[in-house]
2 protein chains.
Amino acid sequence: MRTSTEQTTSLLSSTEAAVLGLLTRGARSGYDLNKLAKAGVAYVWAPAKSQIYAVLPRLVAAGYATTRSVPGGQRPDKQLYRLTAKGRRALKEWLELPVDDADAARNPFLLKAFFGDLMEPEALVGHFERRRDRARASLAEFKAIEDEIAGREDSYYGYLTLRWGLAEARTLIRWTDEVLRELAERGPST
Amino acid sequence: MRTSTEQTTSLLSSTEAAVLGLLTRGARSGYDLNKLAKAGVAYVWAPAKSQIYAVLPRLVAAGYATTRSVPGGQRPDKQLYRLTAKGRRALKEWLELPVDDADAARNPFLLKAFFGDLMEPEALVGHFERRRDRARASLAEFKAIEDEIAGREDSYYGYLTLRWGLAEARTLIRWTDEVLRELAERGPST
DNA sequence: GTCGACATGTAACCAGTTACATGATTAA
DNA sequence: TTAATCATGTAACTGGTTACATGTCGAC
């Protein structure tokens, strides 16, 4: 973001973009956004709560959002954030910018698998079993969401990304199953 | 790693683990490791050069590796790092530790797709086309590597992870193609 | 005579995390 | 009475990035 007076770059961080994106759906508090993120974009982007609270004032400082204090009775006042036209423009700009081609490959699971020869066979099998189980759980979860939103025009783009989740989970299950079968074959025989 | 005297945790960062992993293949310099990483584990873990140079002295301090200076004639002396028994144990421990279940979902591409309604249709199409092209390129690359290493016992675990790369690329191509077809159908008609 | 490989590192920065701090309200 | 939900935020840290700095040697 670079909060200099004459910023030329004006680039959002992904978390800032995610927050602005959620704000397009209406004015929200940090608390709301956190819940919304956990429920909605979570598969795609999952910032820590503290990060959301950190980002919001910056967005206001940049003129991308405004705050309004809603008295909360006994509890702390609710800070309601609302997207500005400038914020919407900045978001659109960020969204339309090509994704950085070299977006870091960092997958701890694959890293472990890659060095599979350096651990006990059972440990490796455990990794793959957990991965498979997790993929199965995701698949079930995604299917449930699919039933809910499939065909609903308003969540078409969410549905697109969900379909990636489904496809990935299925591919993951197939691959882990295959590997587990292979490992079972080689393991005992050697 | 926590370089306290009585560390109980002794946990490696993934980059430290990756570097130790590469060192199991023999003594290497930072420069070597960087090239090796770019060529080998890159799909799985791709640290910046400077990060490798930062990690190496820490590994030595922790007793996980030793250095030996190899005079380089005119050029800077080569620092050759060699894995210690302790380092190998630490690596094994890290490798066998279950992967953190909640390993951050952060995919800028999917994030953009999720908010597809907030950008120009052509921009979204562009995103998907680039993604598809990139997946095609990866697929070709992975196939080439496959031809090289398939069946070679010594790279079995590298081959496992490569197969994930292949499967993922294929799934990605199928999904992006599908989405692009859909977008083409809705775009002009609406 | 220019480019890329060799070879090491530092400095400044950044995006994000975990744990801490506070405290009322409500439902089981 | 205990746990969850509401509601905000700070502090300390971490794992990483980009750009900078320096200089030789060999190939084309």
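Proteins get letters first, then strands, A, B, ... in listed order; numbering begins at 1 in each. These figures come from a predicted structure and were not determined experimentally.
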Checklist outcome for this item: B:Leu11 CG to D:dT14 C1', in whole Å, measures 14 Å
Checklist entry - Would you say A:Arg28 reaches D:dA7's phosphate, i.e. side-chain N/O to OP1/OP2 under 4.0 Å? => result no
Checklist entry - Within this structure, what is the CH2-to-C1' distance between A:Trp45 and C:dT17, rounded to whole angstrom? => result 14 Å
Item to check | Check: B:Tyr64 ring centroid to B:Tyr81 ring centroid under 6.0 Å | outcome: no
Next on the checklist: Could you walk me through whether B:Val55 and B:Leu59 satisfy the side chain to side chain contact (heavy atoms under 4.5 Å, CB included) test, starting with their C-alpha distance in whole Å, then the side-chain angles of each, then the deciding distance to 0.1 Å, before giving a yes or no?
Outcome noted: CA-CA 6 Å; B:Val55 142; B:Leu59 294 177; 3.7 Å; yes
Item to check | A:Arg68 atom CZ, neighbour heavy-atom count above 12 within 6.0 Å | outcome: no
Item to check | Selection from D:dA7, C:dA11, D:dC6 that lies nearest to any side-chain heavy atom of A:Lys78 | outcome: D:dA7
Checklist entry - Contact class for B:Thr15 (heavy atom, under 4.0 Å): base, sugar-phosphate, or nothing? => result sugar-phosphate
Checklist outcome for this item: Sorted by position of nearest nucleotide on DNA chain D, 5' first, the leading residue of B:Ala46 and A:Leu80 is A:Leu80
Checklist entry - Over how many whole Å does the gap from A:Ile52 atom CD1 to D:dC6 atom P extend? => result 14 Å
Next on the checklist: What's the closest nucleotide to the side chain of A:Gln79 if the choices are C:dA7, D:dG16, D:dG9?
Outcome noted: D:dG9
Checklist entry - So is A:Arg152 actually on top of A:Tyr159's ring, under 6.0 Å and inside 45° of the axis? => result no
Checklist entry - How many Å lie between CG on B:Asp77 and P on D:dG23, as a whole number? => result 16 Å
Next on the checklist: Side chain of A:Lys49, heavy atoms from C-beta onward: which of C:dA21, C:dT17, C:dT8 has the nearest atom to it?
Outcome noted: C:dA21
Item to check | Nearest-Å distance for atom pair CD/P, residues B:Gln51 and C:dC13 | outcome: 18 Å
Checklist outcome for this item: Contacts of B:Lys35 and B:Tyr81 projected onto DNA chain C by closest heavy atom; the upstream (5') one is B:Lys35
Checklist entry - Per the atom types in the model, does the base of C:dT18 pair as donor or acceptor with the side chain of A:Ser50 at under 3.5 Å? => result yes
Checklist entry - From C:dG9, D:dT17, D:dG9, pick the nucleotide closest to the side chain of B:Tyr53? => result C:dG9
Next on the checklist: Looking at C:dT8, I'd like to know if its phosphate oxygens (OP1 or OP2) sit under 4.0 Å from a side-chain N or O belonging to B:Tyr31.
Outcome noted: no
Checklist entry - Separation of B:Arg58 atom CZ from D:dC13 atom P, in whole Å? => result 15 Å
Checklist outcome for this item: Side-chain atoms of A:Arg106 come closest, of D:dG16, C:dG9, D:dG9, to D:dG16
Checklist entry - Is A:Arg88 paired with A:Glu93 through a side-chain N to carboxylate O contact shorter than 4.0 Å? => result no
Item to check | Distance test, side-chain N/O of B:Ser29 to OP1/OP2 of C:dT8, below 4.0 Å | outcome: yes
Next on the checklist: Between C1' on D:dG15 and CH2 on B:Trp94, what's the gap in Å once rounded to a whole number?
Outcome noted: 14 Å
Checklist entry - Between B:Asn34 (CG) and C:dC6 (P), how many Å, whole number? => result 11 Å
Checklist entry - Any sub-3.5 Å donor-acceptor pair from A:Lys112's side-chain atoms to B:Leu97's backbone N or O? => result yes
Item to check | Polar side-chain contact B:Ser13-D:dT14 base: donor and acceptor under 3.5 Å | outcome: no
